[in-house]
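Working notes for the structure below.
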Amino acid sequence: MHTVQKLAEEKGWRIVPKTNVSLLKNLNSVQRQAVEKIDGPNLILAGAGSGKTRVLTHKIAFLIQRKKVNPENILAMTFTNKAANEMKDRVEALLDIPLKKMWIGTFHSLFARILRKNCEKLGYHSNFAIYDEADQIALIKNIITEKNLLSQAIDAKSLRSKIKFIKNANISPEHVKFSSASISDDIFYDIYYTYQNRLQQNNAMDFEDLLLRSIDLFKLFPNVLDYYQSKFHYILVDEYQDTNRLQYDLIKLLSQKHHNISVVGDDDQSIYRWRGADIKNILDFETDYPDCSIFRLEQNYRSTANILNIAHSIISHNRNRMEKELWTKKEPGEKVTFILTNDAIEEASAIIYKIEQEIQQNELNFSDFAVLYRTNAQSRAIEEVLKNRGINYVVVGGIRFYERKEIKDVLAYLRTLVNPNDGISIRRIINYPARGIGETTIKKIEQFSIDNNISLFKAIEKIEEIESISSRTKSSIQEFYGLIKKYLNLKLKGDVSITELVSTLIGELGILTFLKQEGSLESLNKIDNIRELLNGINDFIVRNPHLTLEHYLENVALITDVDNWDTRANAVSLLTLHSAKGLEFPVVFITGLEEGLFPLSRQMSTDEDLEEERRLFYVGATRAKEKLYLSSALNRRKFGENTSGTISRFLNEIDKTLIEIEETYQARHIHLSQHSHQPKRIFKFDHGDENEAIYKPGILVKHPTFGKGVVRTVAGDDANMVLNILFEEVGAKKIVLKYCKLEIVR
DNA sequence: ACGCACCCGATTTTT
DNA sequence: TCGGGTGCGT
């Protein structure tokens with residue numbers, strides 16, 4: 001048997017003996033029980049702020065130190081790289097040894113790793129590319145054009161979501177009916193299968209493939225499955241409530257041999273239903289693993305009692321949940337403050353006023369504040385006021401660095417060098433910078449590659465054989481080919497560093513000089529971004545000298561913004577409720593509490609949707625340690641137009657004794673410093689039910705463009721009523737009542 | 001093939 | 001409001 005001692009001897013590590021007390025002393029009794037129960041299936045229900053990460057890290061440390069489990073035999077899966085790194089760091093700190101061999105990472109990165117090793121069996125090469133959303137859409141668009149389906153006005157984006165949904169659910173496309181689909185099922189299947197084939201031809205996988213192909217691998221090659229099943233004696237899963245069908249299946253497969261599976265999660269924090277997360281996975285854990293032990297972590301160490309009570313009063317409106325209630329030894333603390341404002345700018349000003357007030361009174365830093373919102377677009381008004389006020393801020397998320405055009409362009413070159421079969425990348429760069437190779441020419445080459453069943457790159461190699469292309473165009477294609485070939489060779493020889501390779505390439509392409517000539521603000525920005533990319537590559541190589549360009553690209557593909565968010569800066573954090581998960585701040589603002597925005601209108605029609613919005617609120621509220629503010633703006637610009645809204649139903653669900661209401665900020669131009677601040681009229685929350693429900697299921701209506709139809713369901717209150725109508729001509733549609741002129745026929 | 005101008009459309013969340 | 005996509009003119 002392997003032991004840490006043996007391993008340490010081999011590696012020359014130093015082992016610091018730790019007493020039993022030191023490892024478990026910082027745990028409360030439930031936490032300790034959860035840590036010590038290592039065998040069999042374990043469900044650890046960890047409420048927000050109840051020490052979830054602490055239990056996970058101590059459990060791993062406990063396994064290694066006390067149960068003498070070899071780190072190689074532990075598999076720990078998280079959703080974000082940040083969580084994975086944090087976990088690793090904390091375990092290393094507990095044990096005081098480096099954990100090089102432990103399998104700890106995100107689902108996607110861990111299975112990518114397994115696939116890199118084994119995918120030849122499935123007909124992929126180990127250097128496969130990972131396609132992000134934009135790449136996937138580009139591929140689908142190509143297929144639509146290629147199949148002459150352009151006339152059908154198919155939306156590549158929604159097609160991608162469908163494909164993603166099907167893959168995440170781990171079902172075949174024939175099993176899904178999209179009632180309101182604009183295209184016929186047959187066409188959809190055709191596109192689906194072509195998409196899948198084309199991915200493989202390009203030696204590429206999308207995010208779902210990383211999991212789906214792993215399942216294929218395990219099913220088709222039992223010996224491979226057996227290898228990993230035997231290897232991983234202990235499996236730990238973080239944020240189990242966010243697992244989707246694929247992840248669920250993989251966990252189940254991998255744990256079959258040893259049955260030692262510990263999952264940690266909180267059903268109340270399941271907020272990724274839209275990307276396939278299935279809350280049933282955690283709710284049904286007991287049935288899936290009948291001999292499991294359950295541990296409930298309900299003591300919260302983060303928030304004041306008032307904050308917890310607010311969070312609980314919202315979440316207890318959900319029916320589909322496991323009953324539990326967080327408690328704390330902390331003081332009730334300050335009441336939660338609700339701020340009602342006229343519009344988004346006022347809302348932002350009020351927030352900033354509060355921030356400055358809090359800083360003065362409680363000696364806080366800007367970094368102690370987080371402003372949370374439902375949609376990224378909301379950050380703009382807040383940013384504007386923060387800028388005016390000269391306050392530093394960081395927007396977490398938003399336009400992602402690696403999705404910027406200039407970055408994707410450069411990366412497409414690198415991806416081509418790693419995997420010349422990647423047709424999507426080649427298509428992207430074949431005429432960037434402009435070489436006089438136009439859309440028609442590209443189509444011809446593509447057709448040639450399909451006809452001869454070769455990759456786009458091979459087709460370019462054989463360009464001479466394509467007769468319909470003019471010789472002038474051919475020569476620029478050959479020039480492009482020569483360029484790629486040259487760098488492929490340079491890379492192959494391996495005597496230049498990656499950083500050198502990339503910067504010479506960019507130099508030869510003349511991208512920076514071209515952008516400099518343009519001289520616009522945007523081009524200068526692009527130059528900065530490309531420079532930053534180069535720095536990033538350099539950093540990566542310096543930090544990981546043994547890793548290659550392939551590794552770098554994988555890292556880029558699987559990274560998120562929260563991962564590289566610099567928390568050291570003394571700045572106010574602006575982020576969506578989703579990206580706030582797992583974080584905490586002394587003071588938190590939840591903004592935009594209006595019907596249609598939070599809860600978001602698209603998520604208001606079914607109970608499941610609404611319950612997820614409620615969980616999102618719960619996540620947001622439980623981020624706050626000391627003080628929570630809620631805010632609404634009665635008027636908000638939407639699509640460039642002013643719309644007036646009503647206060648979120650969530651405010652009605654809150655226990656009013658826990659909240660203090662301020663209705664303020666009438667003036668458009670506020671001088672924050674001289675702002676006198678008096679709570680004024682008491683706001684009435686319940687927005688009555690005048691002219692309630694003339695619209696009921698079964699009523700016949702007429703819509704100006706869709707024609708006649710029958711109302712199927714009615715959701716939302718009277719101000720934001722959403723009707724699901726089955727139209728005679730166009731099928732089922734969701735209609736927001738106030739945006740259309742609906743006539744009642746009968 | 002490329003650039004410009006205009007128009008339209010969209011705005012949830014992300015590994 | 002802003003950005004992308006389309007379509008037209010060169």
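What you are looking at is a predicted structure, and each value in this text was computed from that prediction instead of being measured. Throughout, protein chains are lettered first and strands after them, A, B, ... in sequence-line order, and every chain is numbered starting at 1.
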Discussion item. Both A:L600 and A:T473 contact DNA chain B. Which one's nearest nucleotide lies toward the 5' end?
Written reply: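 Its nearest nucleotide being more 5', the pick is A:T473.
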
Discussion item. Taking salt bridge (Lys or Arg N to Asp or Glu O under 4.0 Å) as the definition, give me every residue that meets it alongside A:D209, ordered by chain and number, with sequence neighbours left out.
Written reply: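 Listed in chain order: A:K167, A:R213.
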
Every protein N/O within reach of nucleotides 2-5 of chain B N/O, cut-off under 3.5 Å:
from  : atom 1 : to     : atom 2 : distance (Å)
B:dC2 : OP1    : A:G436 : N      : 3.1
B:dC2 : OP2    : A:N431 : ND2    : 3.1

Discussion item. Just N and O in the side chain of A:S579: are any of them under 4.0 Å from OP1 or OP2 of B:dT14?
Written reply: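 Yes.
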
Worksheet item: Does A:T80 put a side-chain nitrogen or oxygen below 4.0 Å from OP1 or OP2 of B:dT15?
Response: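 The answer is no; no side-chain N or O of A:T80 sits under 4.0 Å from OP1 or OP2.
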
Set of side chain to side chain contact (heavy atoms under 4.5 Å, CB included) partners for [X], sequence neighbours left out:
{"X": "A:T53", "answer": "A:T57, A:R90"}
{"X": "A:K280", "answer": "A:D278, A:D284"}
{"X": "A:F514", "answer": "A:E518"}

Fill in: Side chain of A:T576 (C-beta onward), nearest among B:dT14, B:dT15, C:dG5
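So the side chain of A:T576 is nearest to B:dT14.
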
Fill in: A:K52 with A:E239: basic N within carboxylate O range, under 4.0 Å
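Judged by the 4.0 Å cut-off on N to carboxylate O distance, A:K52 and A:E239 do form a salt bridge.
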
Discussion item. Applying the 5.5 Å / 30° rule, does A:W274 stack onto the base of B:dT13?
Written reply: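 So A:W274 counts as stacking on the base.
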
Worksheet item: Can you list the residues that meet the side chain to side chain donor-acceptor pair (under 3.5 Å) rule with A:E554, with sequence neighbours excluded?
Response: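 Partners of A:E554 by the side chain to side chain donor-acceptor pair (under 3.5 Å) criterion, ordered by chain and then number, come out as A:R116.
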
